[in-house]
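Reviewing the structure listed below.
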2 protein chains.
Amino acid sequence: MTEDDHIVFIVDDDQRVREALSELMDAHGMRAIAFESAGDYVTADKPDVPACLILDIELPDINGLDLQRQIADGDHPPIVFITGHGDIPSSVRAIKSGAVDFLTKPFSDADLLTAIHAALAEDREKRSGRAELDMLKRHYLDLTPREREVLPLVVSGLLNKQAAAELGISEVTLQIHRRNVMQKMAAASLADLVRIAEKLEIPITHSRRVGGN
Amino acid sequence: MTEDDHIVFIVDDDQRVREALSELMDAHGMRAIAFESAGDYVTADKPDVPACLILDIELPDINGLDLQRQIADGDHPPIVFITGHGDIPSSVRAIKSGAVDFLTKPFSDADLLTAIHAALAEDREKRSGRAELDMLKRHYLDLTPREREVLPLVVSGLLNKQAAAELGISEVTLQIHRRNVMQKMAAASLADLVRIAEKLEIPITHSRRVGGN
DNA sequence: GCGCAATGTATGGATTTCCATGAGTTGCGG
DNA sequence: CCGCAACTCATGGAAATCCATACATTGCGC
């Protein structure tokens, strides 16, 4: 059950909990780092591997749910909440905000481990999706301004002639831009480019009508 | 705040609750139908409009959460749970399974109305997405078996020549199939067809390599 | 000022796609 | 057995795409 590479972050103000959880992780061959406060966790250097965050609700510096909201926009790892005094509205809010689970103390080791595995699996998924998207974004950054104008026209299905007219340039020039776009985006075909543009959320500017506009 | 067209389903075994909720809906210009049991709800004729389901956990015939699971695979409306004796694991499970909210009695009218509006909005979204997808699926059903073989090859980015070779037919014939596919799927361009295939989750069978494979 | 990247244009040929017209085979249902 | 849908192929021309080569302009940085 040893994972390829991962890290479990533990944030709890109770030292006994931190120790117990660290030992539990250890006993199951998982790497863990414990923090006493949200601040410590946020400012810490965190390795860039699949991770999950076991987060206590009641923290000295900030409420766990608020921390979740703060780091919501970013590449934060999936969260497993643990709490001694949980209430239903909190659990609802936590899960709606994307938490993997919400466990109330005392909870069983099995429940926690299940949640952690789910969280790590989720993070692996997220990370591989992000990695792919990042590569596409990098390619997109290679495009010149003009090429970025050409891309949406091409993936909208416009003929070269039409796209050229749209930009007020000659068809030949547009073909060159188009060719450069394909190469820079590493698209093997137009179909490929369309799917890439889809992932980058390039908007469809003009749609060619079949019956002749 | 009157919605264009909608219906609120109420499932609760307590008649006073049903009456109170029905009145509340009425007071806010919303249409509602109340059921005493899950069975009544399931077997009832339900209008085909944006809806939401206010569901009590403790029902005579079946647990609300189990009902949620049972109807999970299908076009069920978003669920707002209400309960007198809720616990955290139930709320977690409910939300993780897609419920819009999980309210414990007594709850405020405002909270319930907020949840209902969110649920109805969600259902409108879901329904319009489904409607679009249904149309595409209908078009897909119009395709002949051969055309269904051609489609994935085309949207994979293969040249007509390559796709034809793949199927062991002449290029001319493939062009005809391709043309029929475009027409039947109402695709204005290849780019369009690629996006349609994406929505239909047509798998990419072969990807043409740039350097000439 | 020189080099360079970005942008623009042209010519010309090979390849591919688009489209219409015409026609043969197979298999199923009335 | 006849009609029809599905599948097949061919010819031929128009349009579009792909690609290489060659060159002009602009603007920025060293």
Side-chain angles (χ1 to χ4, degrees), chain A residues 138-197 202 205-213, chain B residues 138-197 202 205-213:
Chain A
R138 257 196 315 282
H139 288 163
Y140 185 72
L141 290 179
D142 281 346
L143 298 185
T144 67
R146 201 49 152 173
E147 284 160 1
R148 280 177 215 176
E149 291 184 284
V150 169
L151 176 51
L153 298 177
V154 168
V155 299
S156 292
L158 292 189
L159 299 179
N160 288 345
K161 185 192 295 189
Q162 296 171 314
E166 198 69 39
L167 296 177
I169 60 178
S170 90
E171 189 181 341
V172 203
T173 305
L174 185 124
Q175 282 175 14
I176 293 174
H177 290 318
R178 176 188 178 136
R179 173 141 229 295
N180 290 338
V181 170
M182 295 275 290
Q183 282 200 329
K184 289 184 181 174
M185 299 304 291
S189 60
L190 174 60
D192 214 0
L193 189 65
V194 171
R195 278 184 288 268
I196 289 171
I202 306 286
T205 51
H206 304 64
S207 74
R208 185 176 55 156
R209 287 263 41 89
V210 197
N213 200 31
Chain B
R138 258 197 313 284
H139 288 161
Y140 185 73
L141 289 178
D142 281 345
L143 298 185
T144 68
R146 201 50 152 173
E147 284 160 0
R148 279 177 215 177
E149 292 184 283
V150 169
L151 175 52
L153 299 177
V154 169
V155 299
S156 292
L158 292 188
L159 298 179
N160 289 345
K161 184 194 294 190
Q162 296 172 314
E166 197 70 38
L167 296 177
I169 60 178
S170 89
E171 191 182 338
V172 201
T173 306
L174 185 125
Q175 282 175 15
I176 294 173
H177 289 318
R178 176 188 177 136
R179 172 141 230 296
N180 290 338
V181 170
M182 294 275 290
Q183 282 200 328
K184 289 184 182 176
M185 299 304 291
S189 60
L190 175 60
D192 214 0
L193 188 66
V194 171
R195 278 184 287 269
I196 289 171
I202 306 287
T205 51
H206 304 63
S207 73
R208 183 174 55 156
R209 286 265 41 88
V210 196
N213 198 26

Validation row: [X], [Y] side chains within 4.5 angstrom (heavy atoms):
X: Arg178(B); Y: Leu190(B); result: yes
X: Tyr140(A); Y: Ile196(A); result: no
X: Leu167(B); Y: Arg146(B); result: yes

Would you kindly compare Leu174(A) and Lys184(A) by the position of their nearest DNA chain C nucleotide and give the one closer to the 5′ end? Lys184(A)

Distance, rounded to the nearest Å, where [X] contributes [atom1] and [N] contributes [atom2]:
X: Leu159(A); N: dC18(C); atom1: CG; atom2: C1'; value: 11 Å
X: Glu171(B); N: dA10(D); atom1: CD; atom2: C1'; value: 13 Å
X: Glu149(B); N: dA6(D); atom1: CD; atom2: P; value: 14 Å
X: Gln183(B); N: dC19(C); atom1: CD; atom2: P; value: 8 Å
X: Asn180(B); N: dC18(C); atom1: CG; atom2: P; value: 13 Å
X: Leu158(B); N: dT16(C); atom1: CG; atom2: P; value: 13 Å
X: Ile169(A); N: dG8(C); atom1: CD1; atom2: P; value: 5 Å
X: Arg179(A); N: dA20(D); atom1: CZ; atom2: P; value: 6 Å

Near DNA chain C, which residues from residues 138-148 of chain B have a heavy atom under 4.0 Å away?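 Listed by number, there are none.
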
Exercise: identify the closest heavy-atom pair between [X] and [Y]:
X: Ser189(B); Y: Met182(B); result: C-CE, 3.6 Å
X: Val155(B); Y: Ala197(B); result: CG1-CB, 3.8 Å
X: Thr205(B); Y: Ser156(B); result: N-OG, 3.1 Å

Any side-chain N or O of [X] less than 4.0 Å from the OP1 or OP2 oxygen of [N]?
X: Asn160(B); N: dT16(C); answer: no
X: Arg178(A); N: dC18(D); answer: yes
X: His177(B); N: dA6(D); answer: no
X: Lys161(B); N: dT16(C); answer: yes

If you assign each of Ser170(B) and Gln175(B) to its closest nucleotide in DNA chain D, which residue comes earlier from the 5' end?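 The residue whose closest nucleotide sits nearer the 5' end is Ser170(B).
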
Mapping Ile176(B) and Val172(A) to their closest nucleotides on DNA chain D, which lands nearer the 5' end?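 Nearest-nucleotide comparison on DNA chain D picks Ile176(B).
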
Going by side-chain contact (heavy atoms from CB on, under 4.5 Å), name the residues that satisfy it together with Glu147(B), two or more places apart in sequence or in a different chain.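 So Glu147(B) forms a side-chain contact (heavy atoms from CB on, under 4.5 Å) with Leu143(B), Thr144(B), His177(B), Asn180(B), Val181(B), Lys184(B).
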
